[in-house]
Structures are given as C-alpha cells and as structure tokens.
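First up is the structure itself, then whatever we jot down about it.
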Amino acid sequence: MGPVSAAVEIDAPRERVFAEICDLARRPSFTDHFISEFRLTRIDPVGVGAGARFRFTTAPRGVWMDTAIVEAEEPQRIVERGRGGRGNRIPSTTVWELREGPGSLTTIRVSFWTEPANPLDRLIDALGGAALWQKRAWHEAMRRLREMLESDALREAPVGVAGGNPHATGIP
C-alpha cells in the first residue's frame with residue numbers, strides 16, 4: 001500500500017517539532033484516534049533505536065504493527081521501519097520530513113507505506129481500502145499535531161515502559 005502522505009504547516013520552530021515527533025512516548029498524543037494499545041519497546045523512547053508496537057484500530061481491519069526509528073537527521077528527517085500484519089510479515093516505512101519556512105513556520109510531511117510480499121496480503125490491501133483510510137488518519141494526525149504544538153498543550157502524559165526506571169529517563 002502507498003505511499004500515503006499528509007502534510008501540514010505548523011507555527012513552531014523546526015527543532016521543537018522534530019523533538020516531538022522523534023519522541024515515541026509522545027506519539028499517542030496525536031495518533032490515538034487511529035492507533036491503540038501503544039507500547040514502547042525500550043526504556044529510552046527518543047532517537048535512533050527507539051521503537052513501539054501498536055494496533056491500527058479502524059477499517060479495513062485491526063492490524064498490529066511495530067516501528068523503530070532507524071534514521072534521525074536532526075532537525076529535518078526521521079525514518080522509521082517496521083513490520084505488521086499477520087505474523088509481522090508486512091514491512092512498513094514511515095518518513096517524516098521537516099522543512100523550515102519563514103519565521104517559526106515548519107512544514108511537516110509524513111509518508112507511510114507497506115510492501116506486502118504475500119499475494120493474499122496484497123489483495124487484502126487492494127480491496128480493503130487501506131490507502132484511503134490511512135490517508136484520512138494521517139491527515140487528522142497532522143492536524144492534531146499542529147493544534148497541540150501551536151497551543152503548547154500536551155494531550156496526555158507520555159507512554160512509559162512497564163518496569164522501567166522513570167528516574168533514569170525523566171519520564172514522570
């Protein structure tokens with residue numbers, strides 16, 4: 001499927017936007033409308049190596065996905081790779097691109113795609129309308145991210161790791 005892209009302009013410094021996106025513990029604050037059961041895969045949720053497991057919760061079907069940050073070129077690009085679907089057999093990629101505009105304006109573009117190798121997975125992808133659903137979900141996520149950063153409002157506390165030492169990471 002894909003790539004599916006969404007873009008938004010945010011009136012916030014690019015470094016601040018980059019920090020928010022690169023911190024996977026903050027990801028549910030703007031994606032919880034289509035992602036549930038979000039879990040971190042390591043104690044440090046920021047930067048290269050940070051990972052998470054979650055479930056896409058709406059149409060065409062609920063799918064478990066993993067993601068991990070594999071590249072972080074501060075403050076302009078973040079690349080995540082993961083797997084999902086039945087048996088984690090479908091590779092996925094998410095790319096966040098941040099461009100600086102005039103003043104404190106930042107343009108963010110997120111692109112997400114999967115590369116199902118199995119013919120059945122490709123058929124389900126094509127017939128299920130996943131691309132249209134993903135496009136709507138990512139557009140809403142970008143709108144929510146803009147609202148959150150421009151109003152300096154944090155929707156919820158960051159996600160933690162069960163059994164992790166909150167004092168070592170600064171997570172409350």
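Between the CZ atom in R99 and the CZ atom in R77 there is a gap of 9.5 Å [rounded to 0.5 Å]. With rounding to the nearest 0.5 angstrom, the CE atom of M148 is 12.0 Å from the CZ atom of R143. Here the CD1-CG distance, from I10 to L145, works out to 4.0 Å after rounding to the nearest 0.5 Å. For the atom pair CZ (F38) and CG (L24), the distance works out to 5.5 Å, reported to the nearest 0.5 Å.
Between F30 and M142, the closest heavy-atom pair is CE1-CE, 4.4 Å. Residues L40 and P45 come closest through the heavy atom pair CD1-CB, 3.8 Å. Minimum heavy-atom separation, A141 to F34: CB-CE2, 4.0 Å. When all heavy atoms are compared, the tightest approach of S104 to D11 is OG-OD1, 2.6 Å. Summarising the geometry of F54 relative to W64, their closest heavy-atom pair is O-CE3, 3.2 Å, with the distance given to 0.1 Å. Residues H33 and A137 come closest through the heavy atom pair NE2-O, 3.0 Å.
Paired with S5 under the rule side-chain hydrogen bond (donor to acceptor under 3.5 Å, both in side chains), one option of E97, K135, R109 passes, and it is R109. None of R53, R81, R83 except one satisfies the side-chain hydrogen bond (donor to acceptor under 3.5 Å, both in side chains) rule with D66; the exception is R53.
Residues passing the side chain to side chain contact (heavy atoms under 4.5 Å, CB included) test with T94 are E80, W96, V110, F112, sequence neighbours excluded. Applying the side chain to side chain contact (heavy atoms under 4.5 Å, CB included) criterion to R136, with sequence neighbours excluded, gives L132. Considering only residues two or more places apart in sequence or on other chains, E100 meets the side chain to side chain contact (heavy atoms under 4.5 Å, CB included) condition with R14.
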Show, in sequence, the C-alpha distance, side-chain angles and deciding distance for R27 and I21, and conclude whether the side-chain contact (heavy atoms from CB on, under 4.5 Å) test is met. CA-CA 7 Å; R27 191 67 57 89; I21 294 170; 3.9 Å; yes

Report the C-alpha distance between E147 and R144 in whole Å, list the side-chain angles of each, state the deciding distance to 0.1 Å, and finish with yes or no for salt bridge (Lys or Arg N to Asp or Glu O under 4.0 Å). CA-CA 5 Å; E147 177 183 301; R144 292 176 70 185; over 6 Å; no

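The backbone N or O of E37 sits less than 3.5 Å from a side-chain atom of R39, completing a donor-acceptor pair. A donor-acceptor pair under 3.5 Å is formed between the side chain of T106 and the backbone N or O of A12. Without hydrogens or angle criteria, R16 side chain to L149 main chain gives a donor-acceptor distance under 3.5 Å.
Looking only at side-chain heavy atoms (C-beta outward), I69 and C22 come within less than 4.5 Å of each other. Looking at V63 and I90, their side chains never come closer than 4.5 Å, going by heavy atoms from C-beta outward.
V17 and V46 fall into different hydrophobic clusters, defined by Ile, Leu, Val, Met, Phe, Trp and Tyr side-chain heavy atoms under 4.5 Å apart, directly or through other members.
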